[in-house]
Amino acid sequence: MSTHHIDYFPLKIARGDQFRNRLDEKALLNRNIDLIRHTVLLAPRRYGKSSLVYKVAEESQSPFVVIDLFLAHDDQAITKRILLGIGDIVSQITPVTTKALKSIQEYFNNFKVS
C-alpha cells in the first residue's frame with residue numbers, strides 16, 4: 001500500500017497536486033494578463049493569493065520573476081530589488097547567443113593590444 005500523502009494545506013506556495021480548483025480565478029487572471037489589465041488580489045492571509053499567481057504564471061510558460069518587497073524597508077532596498085528583478089527577466093528573454101557574445105566581449109574588454 002502506498003504511503004504517498006499530499007498536503008492539501010501547505011505552509012508555503014501550493015504547487016502541483018496541492019493546487020486545487022480556482023478555475024474561475026485562474027481564467028480571470030489569465031484574461032487580465034492577456035488584456036494587460038492590472039489586477040489586485042484581496043483576501044485574508046493563507047487564502048492562496050500567491051499560489052494562484054504562481055500557478056497562472058507557470059502555466060502561461062512566459063518568462064516571469066518574483067520581486068518580494070515585503071521586507072524592503074527603504075527606497076534603496078526597493079530600488080535594488082526591482083533592478084535585480086529587471087536584470088533577471090532580461091536574462092530570461094535574451095537569446096543564449098547574445099548572452100554568450102556579451103560574456104566574450106566583457107572578457108576581451110580587459111585586454112590591451114600592443
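Excluded from the calculations below are hydrogen atoms, water molecules and symmetry mates; all remaining heavy atoms, backbone and side chain alike, are included. Numbers for residues simply follow the sequence, beginning at 1.
At a threshold of 4.5 Å between side-chain heavy atoms, the hydrophobic network of Ile, Leu, Val, Met, Phe, Trp and Tyr places Ile86 and Leu69 in one connected group. Put simply, Ile89 and Ile67 are part of the same group of oily side chains (I, L, V, M, F, W, Y) that touch within less than 4.5 Å, one to the next. Cluster annotation: Leu52 is not connected to Ile13 through the hydrophobic network of ILVMFWY side chains, with a link wherever side-chain heavy atoms come within less than 4.5 Å. Connection of Leu84 to Val90 is not established within any shared hydrophobic cluster, with ILVMFWY side chains joined at heavy-atom distances below 4.5 Å, either directly or through further cluster members.
The shortest side-chain heavy-atom distance between Leu28 and Arg37 does not fall under the 4.5 Å cut-off. With a 4.5 Å cut-off on side-chain heavy atoms, Tyr54 and Val66 count as touching.
The salt bridge (charged side-chain N to carboxylate O under 4.0 Å, His left out) test applied to Arg22 returns Glu25, not counting sequence neighbours.
Note that CG of Leu42 is 13.0 Å distant from OH of Tyr47, once rounded to the nearest 0.5 Å. The distance from atom CD1 of Ile36 to atom CD1 of Ile33, rounded to the nearest 0.5 Å, is 11.0 Å.
When all heavy atoms are compared, the tightest approach of Asn21 to Lys26 is O-CD, 4.3 Å. Contact detail for Val56 and Leu29: the closest heavy-atom pair is CG2-CD2, 3.8 Å.
Within a 6.0 Å sphere centred on CG of Asp75, heavy atoms belonging to other residues, nucleotides or ligands number 12 at most. In this structure, Gln76 places its CD atom where only 12 or fewer heavy-atom neighbours from other residues, nucleotides or ligands lie under 6.0 Å away.
Within the 3.5 Å criterion, the main-chain N or O of Pro44 finds a donor-acceptor partner in the side chain of Lys49. In terms of modelled atom types and a separation under 3.5 Å, the side chain of Thr94 and the main chain of Gln92 share no donor-acceptor contact.
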* Could you please spell out the steps behind the side-chain contact (heavy atoms from CB on, under 4.5 Å) verdict for Leu83 and Thr79? => CA-CA 6 Å; Leu83 290 174; Thr79 302; 3.9 Å; yes
